[in-house]
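Below: one structure, written as structure tokens.
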Amino acid sequence: MALKATIFKAKVQIADMDRDYYAEHQLILARHPSETDERMMVRLLAFAHNAADSLEFTRGLSSDEEADLWQKSLNGEIDLWVEVGLPTEERVRKASNRAEQVLVYSYGRRTAPVWWQKLESQLTHFDNLRVYHLAADATEQLTAMAERNMEFSISIQDGHIWLADGTNNAEITPEIWK
């Protein structure tokens with residue numbers, strides 16, 4: 001019998017001073033059985049960092065044909081493709097060919113730097129690609145905030161992201177690798 005996704009709900013109030021975006025979102029995150037809380041929370045952070053009314057979570061790990069998050073235009077073209085983790089060069093190439101802009105949110109204390117060192121030269125020619133790296137301390141703080149029902153106030157200014165859930169606070173500054 002196949003394992004089912006675990007459903008998490010998040011109410012997020014976003015104040016993004018960098019993009020002049022202010023909104024509240026009611027999100028449902030389906031955590032795949034093989035997905036960790038850390039990865040799920042990085043997906044949530046990626047959503048907040050790029051929030052828009054048309055940005056949506058996809059089937060993610062359940063589909064090779066979809067991003068973790070994407071934003072589509074009214075005519076169905078992919079404006080934004082967001083990958084979480086350490087995608088292969090092939091997957092980044094595919095995303096770059098299908099989307100106007102591609103973002104990768106990498107994380108992992110030891111694995112991410114090795115991944116970047118291996119793929120950096122191959123990924124530099126993708127003009128529509130931006131790669132962010134989240135430090136292990138930051139993703140550990142995020143993971144500690146994971147609950148089935150979450151409520152966050154998120155502020156973004158000058159590239160810094162502040163999250164507060166009423167009990168815990170985290171400040172995250174994604175490092176831009178490309």
Side-chain angles (χ1 to χ4, degrees), residues 2-63 66-72 78-87 95 101-112 130-177:
L3 297 174
K4 294 183 179 180
T6 303
I7 302 300
F8 288 75
K9 295 181 181 180
K11 177 181 175 184
V12 293
Q13 294 179 342
I14 300 169
D16 186 340
M17 277 73 68
D18 291 347
R19 297 184 306 128
D20 208 24
Y21 180 85
Y22 307 92
E24 181 177 301
H25 293 270
Q26 300 283 344
L27 304 174
I28 296 175
L29 294 101
R31 192 186 73 200
H32 190 273
S34 67
E35 185 175 36
T36 63
D37 282 348
E38 180 180 37
R39 186 178 191 287
M40 179 190 68
M41 293 303 285
V42 171
R43 283 194 299 131
L44 179 64
L45 181 80
F47 180 93
H49 197 219
N50 300 284
D53 291 337
S54 57
L55 183 64
E56 61 186 13
F57 293 103
T58 66
R59 291 181 292 163
L61 291 175
S62 299
S63 172
E66 296 181 1
D68 289 306
L69 296 113
W70 62 21
Q71 182 176 347
K72 291 186 174 183
I78 303 170
D79 291 330
L80 178 64
W81 180 294
V82 179
E83 286 288 325
V84 171
L86 310 173
Q101 182 181 16
V102 178
L103 303 178
V104 173
Y105 287 83
S106 69
Y107 64 94
R109 187 176 305 276
R110 287 180 234 120
T111 54
R130 173 160 272 184
V131 178
Y132 294 102
H133 175 67
L134 302 174
D137 295 344
T139 59
E140 288 168 5
Q141 286 180 312
L142 281 175
T143 303
M145 299 169 100
E147 294 182 15
R148 293 288 295 271
N149 291 295
M150 301 174 278
E151 194 168 323
F152 291 104
S153 293
I154 301 173
S155 299
I156 302 170
Q157 185 174 16
D158 298 329
H160 299 275
I161 305 169
W162 290 273
L163 293 96
D165 69 0
T167 306
N168 302 300
N169 296 305
E171 179 182 350
I172 298 168
T173 305
E175 183 181 346
I176 300 172
W177 280 358

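When a residue number appears, it is its place in the shown sequence, counting from 1. All heavy atoms count here, side chains included; hydrogens, waters and symmetry mates do not.
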> What's the verdict on ring-ring contact (aromatic ring centres under 6.0 Å, His included) for H133 and Y105, showing C-alpha distance, side-chain angles and the deciding distance?
Replying inline: CA-CA 6 Å; H133 175 67; Y105 287 83; over 10 Å; no
> Are any of the side-chain nitrogens in D137 or R109 under 4.0 Å away from the carboxylate oxygens of its partner?
Replying inline: yes
>> Assess whether a salt bridge exists between E35 and R31, defined as any Lys/Arg side-chain N lying under 4.0 Å from an Asp/Glu carboxylate O.
In response: no
> Please walk me through it: do L69 and T58 pass side chain to side chain contact (heavy atoms under 4.5 Å, CB included)?
Replying inline: CA-CA 6 Å; L69 296 113; T58 66; 5.8 Å; no
For the residue pair [X] and [Y], what are the closest heavy atoms and their distance?
| X | Y | value |
| --- | --- | --- |
| R19 | A48 | NH2-O, 4.4 Å |
| A51 | Y21 | CB-CE2, 3.5 Å |
| P87 | V104 | CD-CG1, 3.8 Å |
| H49 | D16 | O-OD2, 4.0 Å |
| S106 | L86 | CB-CD2, 3.8 Å |
| A10 | L44 | CB-CD1, 4.2 Å |

If only atom types and distance count, is the side chain of [X] paired as donor or acceptor with the main-chain N or O of [Y] below 3.5 Å?
| X | Y | value |
| --- | --- | --- |
| D37 | A146 | no |
| D68 | F57 | no |
| S153 | D165 | no |
| R43 | V84 | no |

> Would M145 and E147 satisfy side chain to side chain contact (heavy atoms under 4.5 Å, CB included), going step by step from the backbone distance to the final call?
Replying inline: CA-CA 6 Å; M145 299 169 100; E147 294 182 15; over 6 Å; no
Side chains of [X] and [Y]: closer than 4.5 Å at any heavy-atom pair?
| X | Y | answer |
| --- | --- | --- |
| K11 | M150 | no |
| Y132 | E175 | no |
| L29 | I7 | no |
| I176 | R130 | yes |

Please round to the nearest 0.5 Å and tell me the distance separating atom [atom1] of [X] and atom [atom2] of [Y].
| X | Y | atom1 | atom2 | answer |
| --- | --- | --- | --- | --- |
| I172 | Q141 | CD1 | CD | 6.5 Å |
| M41 | T36 | CE | OG1 | 11.0 Å |
| H160 | T173 | NE2 | OG1 | 4.5 Å |
| E171 | S155 | CD | OG | 11.0 Å |
| L45 | L134 | CG | CG | 6.0 Å |
| D79 | S54 | CG | OG | 7.0 Å |

> Is there a donor-acceptor contact under 3.5 Å linking the side chains of W81 and Q101?
Replying inline: no
> With respect to I78, which candidate in K72, Q71, E66 satisfies the side-chain contact (heavy atoms from CB on, under 4.5 Å) definition?
Replying inline: K72
>> With side chain to side chain contact (heavy atoms under 4.5 Å, CB included) as the criterion, how do F152 and Q13 come out once you've worked through the C-alpha distance, each side chain's angles and the decisive distance to 0.1 Å?
In response: CA-CA 6 Å; F152 291 104; Q13 294 179 342; over 6 Å; no
> Ring centres of F47 and H25 under 6.0 Å apart?
Replying inline: yes
> Is there a side chain to side chain contact (heavy atoms under 4.5 Å, CB included) between N169 and L163 once you walk through the steps?
Replying inline: CA-CA 6 Å; N169 296 305; L163 293 96; over 6 Å; no
